[in-house]
Amino acid sequence: MNRFAARLAQDNIVLRHARTEILQVNVGKLCNLTCVHCHVNAGPKRKEIMTRETIERIIDWLAKTDIRIVDFTGGAPEMIPDFRHFVEQVKALQPSRHVIDRCNLTILLEPGYEDLPDFLARHRVEIIASMPCYTPDNVNAQRGEGVFDESIAALQLLNSLGYGIEPQLPLHLVYNPVGAFLPPVQAELEADYKRELKEHFGIVFNKLYTITNLPIGRFAAYLRHNNKLDEYMELLISAFNQATIDGLMCRNTMSVGWRGEVYDCDFNQQLDMQWENGASLFLWDVDPKKIHDREIMTGEHCFGCTAGAGSSCGGAIV
Ligand code: SF4
Ligand code: SF4
């Protein structure tokens, strides 16, 4: 039993899936950036991306469910050749589904993507954008030189299209710490972001989500390199908060990988914790009516989701 499962057992908790409200699709590891904290190890040279055939199979499966939200992540999801086709197919389902794009902002300014912001706005795609700070130093340190200025320009562009202003075009930002510490209080940080971005750059947005870095992928390598991995694990473990359990994203989300394989969350996906303990279980093998109450596969990284105010794709939990 891993230390997380043991901690849950201490409180007589078994972590189980509740109801699938969100299908989070990780379309691949291709990205225009190579951020220090990336749990996917994404980058410009990665070749693992979703094919058209896999997309069609996911759409067929989705059409038979009442899952309301499709949440695209990556990599930079917009970089796969069939990204727009995928969005159009999801929106064309009856009933139509809500689409979220987890966007690194800089992709919106890359050559060849000039019409992407307009495409997203036209299809009413919600944007959840990474923005680890409202000052250049922290952003550039974590995401690369020049990323801050590009992110600001991209946010201004999105505002000019109505994002963050019109109710049907939500724009949320994501903060994650630049080092081995927990995020500050979400509401307070959101107020700081709103004030600073408005005052200095005229930018508006809807919500700020604070997300804890989980000790996996490139962030774990970074911690190991700086001899901080054990210390960070201890910090997460000591901050365990039972009140976060009900709101953990693995309880209402299914995660799909670029080959169509199924996981409890994007973190488990990066750790190859595929359903059925690694046997080939793909989305199209899953009966959506039979996953209610299935036990979630956990590991020590899960302490990242239950530390302090908790952490999920929608930010703090409590
Ligand atoms: S954190 Fe996001 S933007 Fe950065 S390399 Fe990873 S996938 Fe790309
Ligand atoms: S990493 Fe978080 S979301 Fe994933 S299974 Fe563990 S607790 Fe759930």
Side-chain angles (χ1 to χ4, degrees), residues 1-22 24 37-39 69 71 73 102 128 130-133 142 172-193 206-217 219-220 222-224 228-255 263-271 273 292-318:
M1 188 185 276
N2 69 69
R3 280 193 286 180
F4 185 74
R7 182 63 188 80
L8 294 186
Q10 206 179 306
D11 293 341
N12 292 319
I13 298 169
V14 179
L15 194 54
R16 292 188 184 279
H17 189 74
R19 179 184 154 74
T20 312
E21 293 169 324
I22 304 171
Q24 186 170 68
H37 68 286
C38 186
H39 72 269
I69 301 172
D71 180 343
T73 188
R102 292 193 180 259
I128 301 184
S130 320
M131 189 69 183
C133 196
Q142 187 180 85
H172 308 304
L173 301 188
V174 170
Y175 161 90
N176 56 284
V178 279
F181 51 90
L182 294 177
V185 176
Q186 183 168 276
E188 290 173 13
L189 194 62
E190 180 181 283
D192 292 345
Y193 263 67
N206 297 105
K207 290 185 196 154
L208 178 77
Y209 297 151
T210 55
I211 296 188
T212 303
N213 292 320
L214 264 62
I216 60 176
F219 188 63
Y222 160 84
L223 291 173
R224 211 171 283 119
K228 291 213 161 168
L229 186 56
D230 290 344
E231 193 185 309
Y232 189 61
M233 269 318 299
E234 287 313 315
L235 171 71
L236 299 180
I237 292 170
S238 62
F240 176 80
N241 179 358
Q242 202 203 97
T244 62
I245 298 289
D246 278 351
L248 291 173
M249 60 189 172
C250 44
R251 303 202 67 238
N252 74 343
T253 304
M254 276 175 77
S255 163
Y263 308 87
D264 290 304
C265 72
D266 199 57
F267 301 116
N268 285 10
Q269 180 173 150
Q270 305 318 319
L271 292 168
M273 292 167 63
H292 173 76
D293 233 27
R294 74 174 289 283
E295 190 171 340
I296 291 163
M297 296 165 75
T298 63
E300 303 215 340
H301 60 290
C302 296
F303 279 114
C305 296
T306 55
S311 180
S312 72
C313 278
I317 297 172
V318 293

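Computed from heavy atoms alone, side chains included, the values below leave out hydrogens, waters and symmetry copies. Along the sequence shown, the residues carry numbers beginning at 1.
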> Looking only at heavy atoms, what is the nearest atom pair of Ile317 and Leu248, with distance?
Replying inline: CD1-CD2, 3.8 Å
> Below 4.5 Å, heavy atoms only, C-beta onward: do Thr20 and Thr253 meet side chain to side chain?
Replying inline: no
> For the residue pair Pro183 and Pro177, what are the closest heavy atoms and their distance?
Replying inline: N-CG, 3.7 Å
> So, Thr298 and Asn2: side-chain donor and acceptor under 3.5 Å apart, yes or no?
Replying inline: yes
> To the nearest 0.5 Å, what is the distance between CG (Asp266) and SG (Cys250)?
Replying inline: 12.5 Å
>> Angle between ring planes, His172 versus Tyr209, binned at 30° and 60°: parallel, tilted or perpendicular?
In response: tilted
>> I'd like to know whether Arg251 forms a side chain to side chain contact (heavy atoms under 4.5 Å, CB included) with Asp246, so could you lay out the CA-CA distance, the side-chain angles of the two residues, the decisive distance to 0.1 Å, and finally the verdict.
In response: CA-CA 7 Å; Arg251 303 202 67 238; Asp246 278 351; 3.8 Å; yes
> Has the side chain of Arg16 got a donor or acceptor atom that lies under 3.5 Å from a matching backbone atom of Asp293?
Replying inline: yes
> Which distance, rounded to the nearest 0.5 Å, do you find between the CD1 of Ile296 and the NE2 of His17?
Replying inline: 7.0 Å
> Ignoring hydrogens and geometry, is there a side-chain-to-backbone donor-acceptor pair from Asp71 to Ile22 under 3.5 Å?
Replying inline: no
> What's the verdict on salt bridge (Lys or Arg N to Asp or Glu O under 4.0 Å) for Arg224 and Glu231, showing C-alpha distance, side-chain angles and the deciding distance?
Replying inline: CA-CA 10 Å; Arg224 211 171 283 119; Glu231 193 185 309; over 6 Å; no
>> Distance check, rounded to the nearest 0.5 Å: Asn176 atom CG versus Leu182 atom CG?
In response: 12.5 Å
> Which atom pair, heavy atoms only, marks the closest approach of Leu236 to Ala307?
Replying inline: O-CB, 3.9 Å
>> Assess the residue pair Val14 and Leu8 against the criterion (side chain to side chain contact (heavy atoms under 4.5 Å, CB included)); give the C-alpha distance rounded to whole Å, side-chain angles, the decisive distance to 0.1 Å, and a yes or no.
In response: CA-CA 7 Å; Val14 179; Leu8 294 186; over 6 Å; no
> Do Glu190 side-chain atoms and Lys207 backbone N/O form a donor-acceptor pair below 3.5 Å?
Replying inline: no
> Is a side-chain N or O of Arg19 found less than 3.5 angstrom from the main chain of Asn252, in a donor-acceptor match?
Replying inline: no
>> I'd like to know if the side chain of Tyr193 reaches the main chain of Leu208, judged simply by a donor and an acceptor atom lying under 3.5 Å from each other, with no hydrogens or angles considered.
In response: no
> Atom CD1 of Ile211 and atom SG of Cys305: how far apart are they, to the nearest 0.5 Å?
Replying inline: 9.5 Å
> Mind checking whether His39 and Phe267 have parallel, tilted or perpendicular rings, split at 30° and 60°?
Replying inline: tilted
>> In the structure I gave you, are the side-chain heavy atoms of Thr210 and Ser311 within less than 4.5 Å of one another anywhere?
In response: no
>> Rounded to the nearest 0.5 Å, what separates atom NE2 in His301 from atom CE in Met233?
In response: 9.5 Å
> If you measure from OG1 on Thr73 to CD on Gln269, what distance do you get to the nearest 0.5 Å?
Replying inline: 9.0 Å
>> With a 4.5 Å cut-off on side-chain heavy atoms, are Leu15 and Ile245 touching?
In response: yes
> Would Thr306 and Asn241 count as a side chain to side chain contact (heavy atoms under 4.5 Å, CB included) if you check the C-alpha gap in whole Å, the side-chain angles of each, and the deciding distance to 0.1 Å?
Replying inline: CA-CA 6 Å; Thr306 55; Asn241 179 358; 5.7 Å; no
>> For a quick test of reading the model, state the closest non-hydrogen atom pair linking Met249 to Cys265 and the distance between them.
In response: CE-CB, 4.5 Å
>> I'd like to know whether Ser130 forms a side chain to side chain contact (heavy atoms under 4.5 Å, CB included) with Arg102, so could you lay out the CA-CA distance, the side-chain angles of the two residues, the decisive distance to 0.1 Å, and finally the verdict.
In response: CA-CA 8 Å; Ser130 320; Arg102 292 193 180 259; over 6 Å; no
> Counting distance only, does the side-chain N/O of Asp264 pair as donor-acceptor with the main-chain N or O of Met297 below 3.5 Å?
Replying inline: yes
> What pair of heavy atoms forms the shortest contact from Asp11 to Arg7, and how long is it?
Replying inline: OD2-NH1, 2.9 Å
> Where is the tightest heavy-atom contact between Leu235 and Phe181, given as atom of each residue plus distance?
Replying inline: CD2-CA, 3.9 Å
> Is there side-chain contact between Tyr175 and Pro184, with at least one heavy-atom pair below 4.5 Å?
Replying inline: yes
>> Pairing donors with acceptors under 3.5 angstrom, does anything connect the side chains of Ser255 and Gln24?
In response: no
> With ring centroids as reference points, do Phe303 and Tyr232 lie under 6.0 angstrom apart?
Replying inline: no
